[in-house]
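Model, not experiment: these values are computed from the prediction. Below, all heavy atoms of this structure are taken into account, side chains as well, without hydrogens, waters or symmetry copies. To find a chain, count down the sequence lines: A is the first, B the second, and so on, and within it residues start at 1.
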Amino acid sequence: MRYSEMFLPTTKEIPSDAEIASHQLMLRAGMIRKLAGGIYSYLPLGYRVIRKVENIVREEMNRAGAQELFLPAVQPAELWIESGRWNMYGKELLRFKDRHNRDYCIGPTHEEVITALVRDEIQTYRQLPKNLYQIQTKFRDEIRPRFGIMRSREFNMKDAYSFDADEEGAEKSYRKMFEAYNRIFKRCGLTFRPVEADSGNIGGSFSHEFMVTADSGEDAMVHCTSCDYAANLEKAEISRPDERADQAINFAPMEKVHTPDVRTIEEVCAFLDVAPQDVVKTMIFMCDGKPVAVLVRGNEDINEAKLRNYLGCDLLELAMDDTILEVTGSPWGFAGPLGIKSRIIADYSLSGMKNFVVGANREDHHIKNCNMGRDFEIRDYADLRIVREGDVCPRCGKELRIVRGIEVGHVFKLGVKYSKAMNATFLDRDGKEKYMIMGCYGIGIGRTVAACVEQSRDEDGIIWPMSIAPFQVIITPVNINDENLSNTAEELYGSLIEDGVEVILDDRNERAGVKFKDADLTGIPIRITIGAKSLAEGKVEVRFRKSGEVEKIPLETVRDFIAKTIMDQLTISCS
RNA sequence: CGGGGCGUAGCGCAGUCUGGCAGCGCGCCUGCUUUGGGAGCAGGAUGUCGCAGGUUCAAAUCCUGCCGCCCCGACCA
């Protein structure tokens, strides 16, 4: 490719509506342009990188025995009604009608389509297992798209679906995908970590997210400083504490106090002069339409994902004011366990608490010196709170650390959720009809590219690893009007193309500085500078984007040097 | 959905309060000089001031409505 002919609009100035580095750099490097909120065009340079990642994904999926197919982006409502998700999915699902007034959506994911396809074509265990994948444009009408292609509404995703006859098979399929994902992200040059993830309301299922560590990441994850435990913050467990109530402290007499308009933990603490950890927070949730009171220590927060799993409910939300009034007999802000008209469950953090403050279930009143055992009983104890920095590892007891990350991939054991809803069955060896056991496995292609930029850049621009760089080499003749330089550049360009190197020749009539800046910004791993001084010695300069190191290489050996360097770097990112 | 901010040349912005010739920097075009880290000089082109309506002799500027974009929040008792 000749730079002079390429559609590659780089910019000096930072676009004002880009917040994070990857978004800014991808715009500046002429990789992407925004068309509408959360909807982007991929320009040639950006698309080359996308294709590189897609191909790594393809190679590894194929290696793992998955087969590529291509499903429709537009899907009829019937399928979604069948799976029950037409009503469940909410506003994220982009719906529309065709000319016959029939309902359709643009697929945010393809479980329905693939399940319908496989159910119609597979009848016997002899045809299982199968693992099918595609790389497709998805659309999710996000509440708030942001960070460029990191969280966009339209995005490119690899999604794979496995179908197995039994649990062992499903387990094997899952492991294969897990391994493939490790290879994929390693080959993309990413620093990442598979973490245990919340499996939603499909109890007992298994799920891992592949998180690229980055401070700008939207997700929080927890990892142990000692063992290899790592989990999404939503999922991260807290061990059941020892029953170690402080015997030295005696129960004080319970006392109802007037607390006018004192509602939040902060207000209660200030008003009663106590610490948040001496208060019990009572929150009323609606769990599939039924109210539940959840108790947690005042300085902790409820983890809704854990609560949902514990209760095994589909729909969980905080109760509205009228429900609170009904259950507690008071407006919000004064709820407590005493005399409440609902089921009560408590987080482990209540363990050992004595003489604490609770709401009195009466407007403008709280209760001091409340105690479990004496004043009320807790039957349901569970791990319901969010992990904090300083909590200990549920596996080994050492310290946990919280870091931020970008979720680039997700592997998930679905079980029979969709095969059951959509009647995807097969005839097993024993002559019985059974539901196929499914798994699904996603990778955000664009997000992987953005994550890579987040992790690999400097003040001059992007630093691509060889494996996904848009070009492997850029040839920069310092002055194109010097025939000696431009002829040498042209010749070298021709031979590198012959060698199969992905090379761009910067044949623009620009000053050297401009070319260097663009080469750095676009992040091409190897720059071959052709200048008068070195050329007089029969040499060219090979500069590495990542290290900034320059090597002078004799013109006659530069082909071999480049070929070897590229091979080395690709091999390193493979292993 | 709630709150805040913004919308003026391809990009980044000033001008809006206090109505009166449409501006600056970068980029772009032409010429000359220059040519190893975003060149210099000279000349030049480029606007539905987001859209619609209203007030006014006169609107980028004031008023009303709408649209788009960005940021924060979305119930944690």
Would you find more than 12 non-hydrogen atoms of other residues, nucleotides or ligands less than 6.0 Å from [X] atom [atom1]?
X	atom1	value
A:Glu483	CD	no
A:Lys97	NZ	yes
A:Arg401	CZ	no
A:Glu266	CD	no

Which residue lies more 5' along RNA chain B, comparing A:Ala319 with A:Pro15 via nearest heavy atoms: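 First, find each residue's nearest nucleotide; the 5'-ward one identifies A:Pro15.
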Pick the nucleotide of RNA chain B nearest each of A:Glu304 and A:Glu541; which residue has the one closer to the 5' end?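 Whichever sits nearer the 5' end wins; that is A:Glu541.
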Could you please name the partner base of [N], counting Watson-Crick and G-U wobble pairs only when both distances are under 3.5 Å?
N	value
B:C1	B:G73
B:G7	B:C67
B:A58	none
B:G43	B:C29
B:U34	none
B:C13	B:G23

Side chain A:Asn481 and base B:U35 donor-acceptor under 3.5 Å: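 Looking at the base of B:U35, it does pair with a donor or acceptor on the side chain of A:Asn481 (distance under 3.5 Å).
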Whether the side chain of A:Glu19 and the base of B:C71 hold a donor-acceptor pair under 3.5 Å is what I'd like checked.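 Not at all, since no donor on one side and acceptor on the other fall under 3.5 Å apart.
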Find the distance [X]:[atom1] to [N]:[atom2] and express it as a whole number of Å.
X	N	atom1	atom2	value
A:Ile474	B:G37	CD1	C1'	14 Å
A:Leu521	B:G38	CG	P	15 Å
A:Ile284	B:C75	CD1	P	16 Å
A:Arg33	B:C69	CZ	C1'	16 Å
A:Asn479	B:G36	CG	C1'	10 Å
A:Phe516	B:A39	CZ	C1'	14 Å
A:Arg28	B:C11	CZ	P	16 Å
A:Gln24	B:G12	CD	P	12 Å

For [X], answer base if it contacts any base atom (sugar-phosphate contacts may also be present), sugar-phosphate if it contacts only those atoms, and nothing otherwise; contact means non-hydrogen atoms under 4.0 Å.
X	answer
A:Gly531	base
A:Ile480	nothing
A:Arg543	base
A:Asp460	nothing
A:Arg263	sugar-phosphate
A:Lys34	sugar-phosphate

Between [X] and [Y], which heavy-atom pair has the shortest distance, and what is it?
X	Y	answer
A:Ala293	A:Thr282	CB-CG2, 4.2 Å
A:Leu93	A:Ile106	CD1-O, 4.1 Å
A:Lys306	A:Asp383	NZ-OD1, 2.9 Å

Look at the aromatic rings of A:Tyr89 and A:Trp80 and report parallel, tilted or perpendicular, splitting at 30° and 60°.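 If you compare the ring of A:Tyr89 with that of A:Trp80, the planes turn out perpendicular.
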For the residue pair A:His365 and A:His258, categorise the inter-ring angle as parallel (less than 30°), tilted (30 to 60°) or perpendicular (more than 60°).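 A:His365 vs A:His258 ring planes: tilted.
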Whole-Å [atom1] distance, [N] and [M]:
N	M	atom1	result
B:G44	B:A52	C1'	36 Å
B:C1	B:U8	P	24 Å
B:U56	B:G73	C1'	41 Å
B:A60	B:G7	P	15 Å
B:G12	B:C6	C1'	14 Å
B:G38	B:G20	C1'	41 Å

Just by modelled atom types, is the A:His410 backbone N or O under 3.5 Å from a matching donor or acceptor in the A:Glu209 side chain?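 Answer holds: no.
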Letter per nucleotide, 5' to 3', of nucleotides 26-32 of chain B [B base touched, S only sugar-phosphate touched, - untouched; heavy atoms, 4.0 Å]: SS-----
Within less than 4.0 Å of OP1 or OP2 of [N], is there a side-chain N or O belonging to [X]?
X	N	result
A:Arg511	B:U34	no
A:Arg146	B:C69	no
A:Ser16	B:G12	yes

